[in-house]
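Heads up, the thing below is written out as structure tokens.
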Amino acid sequence: MKQPNNPYYYYPYAAPSTMDQQAPQTPYRADNGRAHLITGIVAGAAVAYLLSNRHVQKSIGATANKAWGAVRGEVEELKERLADVQAELDYYREKDRDSE
């Protein structure tokens, strides 16, 4: 079996060899400063525009209303199923008491 090129695979406490070391990476801020700033500004502007648009607000409200209605319906269905299970358990308990 060929061993992988990872010294930590078989012995996790092995010290890394000098051949495996890479050049130090540049800090995150220095590497991505301006690109992330511009991306954040564009994303923030897009979100602000969408949330201030009346049509988008109405569609978000309608979607949330439909989702809440679906959740309420599922909760009611779950309550009905639990009541059916409870009634079935009561039936079998009474049946078991009668047989004793």
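Taking Glu74 as the reference, nothing meets the salt bridge (Lys or Arg N to Asp or Glu O under 4.0 Å) condition, with sequence neighbours excluded.
In the hydrophobic cluster analysis, where Ile, Leu, Val, Met, Phe, Trp and Tyr join through side-chain heavy atoms closer than 4.5 angstrom, Val47 is grouped together with Val56. In the hydrophobic cluster analysis, where Ile, Leu, Val, Met, Phe, Trp and Tyr join through side-chain heavy atoms closer than 4.5 angstrom, Ile38 is grouped apart from Ile41.
Taking CZ of Arg81 as the reference point, atom CD of Glu77 lies at 5.0 Å (rounded to 0.5 Å). Separating the CD1 atom in Ile60 from the NE2 atom in His55 is a distance of 10.5 Å, to the nearest 0.5 Å.
Cluster note: Tyr91 groups with Tyr92 through ILVMFWY side-chain heavy atoms spaced under 4.5 Å, whether in direct contact or through intervening members. Counting Ile, Leu, Val, Met, Phe, Trp and Tyr side chains that sit under 4.5 Å apart, directly or through other members, Leu89 shares a hydrophobic cluster with Val85.
A side-chain N or O of Gln86 and one of Asp90 form a donor-acceptor pair less than 3.5 Å apart.
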